[in-house]
Every structure is written in structure tokens, then in C-alpha cells.
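Worksheet for the structure shown next.
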Amino acid sequence: MGALERFEKSVERMMNNAFAKVGRNSELKPIELASRLRRELDDRAAVVGRDRTVAPNEFTIELSPNDFAQIEAWGAETLADELAANLTEYAASQHYAFVGPVSVSFEEHEELTGGRFQVRSASVRGNVAPATSSAPSTRHPLIDIDGQRYLLTGPVTVIGRDADADIVVDDPGVSRRHLEIRVTPDGVIATDLGSTNGLFVEGHQVPAATLLDGNTLTIGRTRIMFWTGTSAGQQSEEW
């Protein structure tokens, strides 16, 4: 089964078959949105260095009033998350890189007719970006949280349960703002932000620690693996 087919099946399951019933009678199909977003990713991907192609990470889908209402009825936030996950999977297959988190949003456009839509995209830097390879880049360290991998693309990354954290962790043992990871010229430093249950690095509770390649961090019941990229041969880039 291809990625687009898996996407469609996933949407059907999440909507408790509401999509399967309504979607077949609607002019707008989520699978068409996913295909169009992939084309936008390909069209806007830009080679910015040797073995580095940066793709846009923020997408806005403009819809007719009726289609916008249909998306709201399906569950706009859930569908947007599925579309973003599908884009991230596709980017990994194409070896594209992102400079920030991938997001999809919907906007109503009065001039569009039913079944027609437009896509806008941009590359917007953030503190973290989904990793599209299994190794850290030469520019950014990589962390793995329960199988989800992120590149630390900004100087400071906050991890916690708070919705405003750079990486949100669904773990009752994790504080709202539990951990800060700061990338500095002298190394990558993990700091406990006054959490209830503390920060453990390699099994030892510490207020802060300079991280080494392969370190394991624990907050609550969540394990974080850390790998560092190398700055050898790194050149200054616009991205």
C-alpha cells in the first residue's frame, strides 16, 4: 500500500467512517489535497548546498466557502495533522530537509468554486524540524523521543506538556515546561526548568548537563536519545 493510500485509510479511521460516507459525495477529496501538497513540495524544493535540498514547511490551503465548511465538519485540525504527517513522510522519501515544523492550515476564499482550491507555501524557520533522515545533519543535532525524530534547528528548544512548548510530550510525569536544550558554540546543554520529577542524563539526576553524542535523557517516563551533528566543513548559509 502506498503512502497516499495509507493516508486515506488513516483519515477514514480517524473520522470514524464519517469521511468515508461524506467524502464520497463531496466534490473535495482529502486525497486530492494530499497530492496537491506533494506537488507544491516538489515545485518549491530548493537546492541550497551539497546534498541539501530545503522544502517549504508551512502550507495554507485556500478553499471555497462550501468546501471550507466541509473541512470544518470533517475536523480541520485532525485533517491538517494527517496532511502534515503525510508530507513529512514524503519529504523523507525524497531526501528533502525542513527548517521548521511542518504545518497545514485552511482558509476560506470567496472567489473559489466548489472542488477548486489553491495552495500557498513558505519556508519558516523554527526551533525544531521533523528529521527526514536517521542521522543528525552537519548543522543541527538530532533527538529521538519515543520514535519521533527532530532536528534542533534553533538555538533553544523547550520540551514539555505545555501546548506552547517546541516539542509537546504527552506524559503525566513531564512538567508543562520541563526541559530546555540549548545549542551553543561550546556544546549542547540540557537544563531542567524546575520540573517536578527532574532531569536524568545516563541515569543520573542533574540540574544541567553538556550532552555528548549518544546520550540518553529521561523526563518522567519519556526517554530522549541525543545525537550531535558535526560542524566540520560547515559553511554559512541563508537557511
Side-chain angles (χ1 to χ4, degrees), residues 47-55 57 85 88-102 123-162 165-171 173-239:
V47 177
V48 297
R50 189 179 66 179
D51 300 326
R52 180 168 166 82
T53 301
V54 172
N57 58 295
T88 302
E89 180 183 356
Y90 179 68
S93 72
Q94 301 301 306
H95 305 291
Y96 296 153
F98 296 117
V99 297
V102 177
S123 291
V124 180
R125 182 174 290 279
N127 285 335
V128 295
T132 52
S133 70
S134 59
S137 75
T138 58
R139 299 156 187 82
H140 309 297
L142 181 148
I143 60 174
D144 182 306
I145 303 179
D146 294 335
Q148 292 289 112
R149 296 192 169 196
Y150 306 88
L151 289 177
L152 306 183
T153 50
V156 179
T157 301
V158 174
I159 302 173
R161 286 192 297 109
D162 195 299
D166 296 305
I167 300 176
V168 179
V169 176
D170 184 15
D171 179 343
V174 171
S175 297
R176 295 176 64 82
R177 291 172 60 87
H178 195 119
L179 170 67
E180 173 190 279
I181 301 179
R182 184 178 294 268
V183 181
T184 77
D186 298 321
V188 181
I189 302 170
T191 303
D192 181 5
L193 296 176
S195 67
T196 300
N197 294 319
L199 163 66
F200 294 81
V201 177
E202 297 300 324
H204 302 284
Q205 185 170 6
V206 293
T210 298
L211 300 179
L212 302 176
D213 190 56
N215 273 164
T216 299
L217 296 75
T218 304
I219 55 174
R221 295 182 178 179
T222 299
R223 188 177 70 167
I224 303 171
M225 299 295 296
F226 172 83
W227 292 277
T228 182
T230 174
S231 60
Q234 179 176 343
Q235 297 179 350
S236 176
E237 294 182 356
E238 178 185 356
W239 299 96

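Here the closest non-hydrogen pair linking L142 and S133 is CD1-O, 4.0 Å. Nearest heavy-atom pair across A55 and F98 is O-CD2, 3.6 Å. Across all their heavy atoms, A129 and V99 have their closest contact at CB-C, 4.1 Å. Minimum interatomic distance between H178 and S195 (heavy atoms only, all atoms of both residues): NE2-OG, 3.1 Å. Minimum interatomic distance between F226 and P141 (heavy atoms only, all atoms of both residues): CE1-CB, 3.7 Å. Between V156 and D166, the closest heavy-atom pair is O-OD2, 3.7 Å.
Inter-residue side-chain proximity for L151 and P130 is flagged as unmet; no heavy-atom pair is nearer than 4.5 Å. For the pair I167 and I143, the minimum side-chain heavy-atom distance is below 4.5 Å. Annotation: side chain of T132 is not in contact with side chain of Y96 (no heavy-atom distance under 4.5 Å). Between I181 and I159 the shortest side-chain heavy-atom distance falls below 4.5 Å. Proximity of V54 to S123: side-chain heavy atoms (C-beta onward) are separated by under 4.5 Å at one or more points. By the 4.5 Å heavy-atom criterion applied to side chains, R182 and T191 are not counted as neighbours. Proximity of L211 to L217: side-chain heavy atoms (C-beta onward) are separated by under 4.5 Å at one or more points.
Partners of R177 according to the salt bridge (charged side-chain N to carboxylate O under 4.0 Å, His left out) rule, which considers only residues two or more places apart in sequence or in another chain, do not exist here. Under the rule for a side chain to side chain donor-acceptor pair (under 3.5 Å), the partners of R149 that lie at least two apart in sequence or sit in another chain are D144. When the side chain to side chain donor-acceptor pair (under 3.5 Å) test is applied to Y150, no partner is found at least two apart in sequence or on another chain. Under the side chain to side chain donor-acceptor pair (under 3.5 Å) criterion, N197 pairs with no residue, sequence neighbours left out. The side chain to side chain donor-acceptor pair (under 3.5 Å) check on R176 picks up D162, with sequence neighbours excluded.
The salt bridge (Lys or Arg N to Asp or Glu O under 4.0 Å) pairs that include a residue from residues 185-210 number zero, where partners must be two or more places apart or lie in different chains.
Using a distance-only test at 3.5 Å, with no hydrogens or angles considered, no donor-acceptor pair links the side chain of T196 to the main chain of S175. Here the side chain of H140 pairs no donor or acceptor atom with the backbone of T228 at under 3.5 angstrom. Counting only distance, with no hydrogens or angles, the side chain of D171 and the backbone of R221 share a donor-acceptor pair below 3.5 Å.
In this structure, CG in D213 is found 9.5 Å from CE in M225, a value given to the nearest 0.5 Å. Note that CG of N127 is 9.0 Å distant from CG of L152, once rounded to the nearest 0.5 Å. Of the inter-residue distances, the one linking I224 atom CD1 with N215 atom CG reads 11.5 Å to the nearest 0.5 angstrom.
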